2 protein chains.
Amino acid sequence: MTLYIQAIAIIYKIMNDGRPYSYVLERLKTARLRPTRQRLALAKLLLETDDRHVTAEQLHCEASSAGIKVSLATVYNTLHQFTKADLLREVVVESGRAYFDTNTSEHHHIFNQDTGELCDIPDETISVLVLPDAPEGTKIDRVEIIVRVKSLR
Amino acid sequence: MTLYIQAIAIIYKIMNDGRPYSYVLERLKTARLRPTRQRLALAKLLLETDDRHVTAEQLHCEASSAGIKVSLATVYNTLHQFTKADLLREVVVESGRAYFDTNTSEHHHIFNQDTGELCDIPDETISVLVLPDAPEGTKIDRVEIIVRVKSLR
DNA sequence: TGTTTAGTTTAGAACGATTCTAATTTATTG
DNA sequence: CAATAAATTAGAATCGTTCTAAACTAAACA
């Protein structure tokens with residue numbers, strides 16, 4: 001057993017408490033991203049629970065509170081690398097601030113314009129009929145629906 | 001006839017070449033915005049043609065090229081005031097850059113992620129069939145659909 | 001293993017879009 | 001025509017984000 005595998009196994013154990021977590025390692029591997037302390041810690045924060053929507057700033061704060069030493073630059077790097085590796089996806093709801101969603105499956109969002117709260121729409125509760133053709137020389141990448149709500153009163 | 005009305009009439013004539021333009025003045029009036037040189041010139045640029053999508057920077061350049069003396073700050077102010085006055089609406093398609101749409105009626109967008117090009121979807125070719133309930137304590141403000149496309153090759 | 005090499009992290013500088021500030025100018029009111 | 005209220009402006013400030021180049025760490029290899 002190489003040192004590498006040993007180390008990974010240890011980190012894996014520490015992070016996991018036995019839950020299935022290896023897919024993060026796999027994704028990182030496929031994306032040729034080394035499983036560093038920072039990446040694994042952020043992955044843990046992000047992917048422990050199913051459905052999260054964070055900004056870089058938020059995640060950085062959260063990491064700090066959790067005692068994880070990681071720079072804001074690394075948080076940005078990691079969010080983008082994870083997005084490329086399909087561990088996250090970006091959601092655009094506000095100009096001037098990027099949100100990242102831990103749910104990478106096809107789904108849509110409700111965005112509270114007063115509070116900045118962002119949440120997923122269960123796939124069964126929304127449906128659209130999209131007929132327009134993609135303009136000449138383009139192909140549809142994805143269709144995004146944002147239901148914008150306001151707080152009452 | 002007061003001086004105000006005279007002045008407006010003259011400006012109106014200059015800007016209009018006879019086309020119906022008074023609704024801009026009306027909207028400005030209702031919004032308690034004075035019909036200044038800058039506002040009227042920007043309104044002309046924006047609302048002469050039906051369907052435009054601009055960023056502040058773009059509009060500022062365009063104004064400069066057209067010989068209109070207006071600061072970037074005023075362009076920003078004007079875009080936001082016009083949006084409040086329902087002469088424009090904001091479209092969020094990229095985090096980090098705000099687009100403004102001269103078409104304020106209910107409709108959706110196609111966004112080319114490679115070129116940054118944004119265009120309207122004719123309302124007949126898309127429709128929302130099922131909508132989720134707004135979360136407790138909120139009400140739906142609007143539903144936005146963005147069809148993201150990529151350039152081929 | 002120890003060394004080399006290649007990838008990663010970091011603090012801080014730089015950046016682009018936007019907002020703010022306070023002084024000046026312009027439009028409206030009386 | 002003066003008084004006052006609103007709008008414009010240049011430039012500073014701010015915000016989120018990206019870049020840079022040096023220090024560090026992981027993986028490959030001798």
Side-chain angles (χ1 to χ4, degrees), chain A residues 1-12 25 28-43 54-61 63-64 68-85 88 90-100 116, chain B residues 1-12 25 28-43 54-61 63-64 68-85 88 90-100 116:
Chain A
M1 203 196 240
T2 72
L3 201 58
Y4 163 75
I5 303 226
Q6 265 179 36
I8 296 310
I10 290 163
I11 291 165
Y12 178 85
L25 292 173
L28 291 181
K29 201 161 197 176
T30 343
R32 291 206 172 66
L33 296 172
R34 292 179 178 173
T36 61
R37 175 178 64 74
Q38 291 88 335
R39 287 187 184 137
L40 291 171
L42 292 176
V54 295
T55 64
E57 223 55 75
Q58 273 171 24
L59 182 60
H60 184 240
C61 283
S64 298
I68 299 161
K69 249 202 85 217
V70 58
S71 72
L72 186 56
T74 297
V75 171
Y76 274 103
N77 289 340
T78 303
L79 285 171
H80 288 130
Q81 291 155 351
F82 281 14
T83 301
K84 232 180 221 163
L88 295 177
E90 198 185 333
V91 184
V92 180
V93 280
E94 278 184 311
S95 64
R97 177 189 252 69
Y99 284 78
F100 293 84
Chain B
M1 201 193 241
T2 71
L3 201 59
Y4 164 74
I5 304 227
Q6 265 178 35
I8 296 312
I10 290 163
I11 292 163
Y12 178 83
L25 292 173
L28 291 180
K29 201 162 198 177
T30 344
R32 290 206 172 65
L33 297 172
R34 293 177 178 175
T36 61
R37 174 177 66 74
Q38 291 86 338
R39 285 186 186 138
L40 292 171
L42 292 177
V54 295
T55 65
E57 213 73 59
Q58 273 170 24
L59 184 58
H60 184 240
C61 283
S64 299
I68 298 160
K69 250 201 84 216
V70 59
S71 72
L72 186 56
T74 297
V75 171
Y76 274 104
N77 289 339
T78 303
L79 285 171
H80 288 129
Q81 292 154 351
F82 281 14
T83 300
K84 235 183 218 161
L88 295 177
E90 198 185 332
V91 184
V92 180
V93 281
E94 279 183 311
S95 66
R97 178 192 253 63
Y99 284 78
F100 293 86

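Everything numeric here is computed off the predicted structure, so don't read it as measured data.
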Task: DNA chain D contacts made by residues 72-84 of chain A, counting heavy atoms under 4.0 Å - done: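 The stretch gives A/Leu72, A/Ala73, A/Tyr76, A/His80 as the residues lying under 4.0 Å from the strand, ordered by number.
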TODO: List for me each residue that meets side chain to side chain contact (heavy atoms under 4.5 Å, CB included) alongside A/Ala63, sequence neighbours excluded, and say none if there are none.
DONE: A/Leu42, A/Leu45, A/Ile68, A/Val70
Task: side chain to side chain contact (heavy atoms under 4.5 Å, CB included) against A/Thr83, all qualifying residues, sequence neighbours excluded - done: A/Leu88, A/Phe100
- [ ] For the residue pair B/Tyr76 and B/His60, establish whether any side-chain heavy-atom pair is separated by less than 4.5 Å.
- [x] no
Rounded interatomic separation in angstrom, taking [atom1] from [X] and [atom2] from [N]:
| X | N | atom1 | atom2 | result |
| --- | --- | --- | --- | --- |
| A/Gln58 | D/dT17 | CD | P | 10 Å |
| B/Leu28 | C/dT28 | CG | C1' | 15 Å |
| A/Glu90 | D/dG16 | CD | C1' | 12 Å |
| A/Arg39 | D/dA27 | CZ | P | 10 Å |
| B/Tyr99 | C/dT18 | OH | C1' | 16 Å |
| B/Leu42 | D/dA7 | CG | C1' | 13 Å |
| A/Leu40 | D/dA26 | CG | C1' | 12 Å |
| B/Arg32 | C/dA27 | CZ | P | 20 Å |

Kindly point out which of [options] is positioned nearest to the side chain of [X]?
| X | options | answer |
| --- | --- | --- |
| B/Thr36 | C/dA11, C/dA27, D/dG16 | C/dA27 |
| B/Arg37 | D/dA7, C/dA6, D/dT9 | D/dT9 |
| B/Arg97 | D/dG16, C/dA17, D/dT9 | C/dA17 |

- [ ] Quick one: do A/Arg97 and A/Glu57 satisfy side chain to side chain contact (heavy atoms under 4.5 Å, CB included)? Show the steps, please.
- [x] CA-CA 10 Å; A/Arg97 177 189 252 69; A/Glu57 223 55 75; over 6 Å; no
- [ ] Would you indicate what B/Arg34 reaches in the nucleic acid, counting non-hydrogen atoms under 4.0 angstrom: base, sugar-phosphate, or nothing?
- [x]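 Base contact.
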Task: The single option from B/Leu28, B/Thr74, B/Leu33 passing side-chain contact (heavy atoms from CB on, under 4.5 Å) against B/Gln81 - done: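 The option that passes is B/Leu33.
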Open item on the list: As a test of understanding, state which of A/Leu79, A/Val54, A/Val93 forms a side-chain contact (heavy atoms from CB on, under 4.5 Å) with A/Tyr99.
Closed with: A/Val93
Task: Under 4.0 angstrom between B/Gln38 side-chain N/O and D/dT9 OP1 or OP2 - done: yes
Open item on the list: On DNA chain D, compare the nucleotides closest to B/Lys69 and B/Ser95; which residue's is nearer the 5' end?
Closed with: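 Nearer the 5' end of the strand: B/Lys69.
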Open item on the list: For a side chain to side chain contact (heavy atoms under 4.5 Å, CB included) check, start with the C-alpha distance between B/Gln38 and B/Val75, then their side-chain angles and the critical distance, and finish with the verdict.
Closed with: CA-CA 9 Å; B/Gln38 291 86 338; B/Val75 171; over 6 Å; no
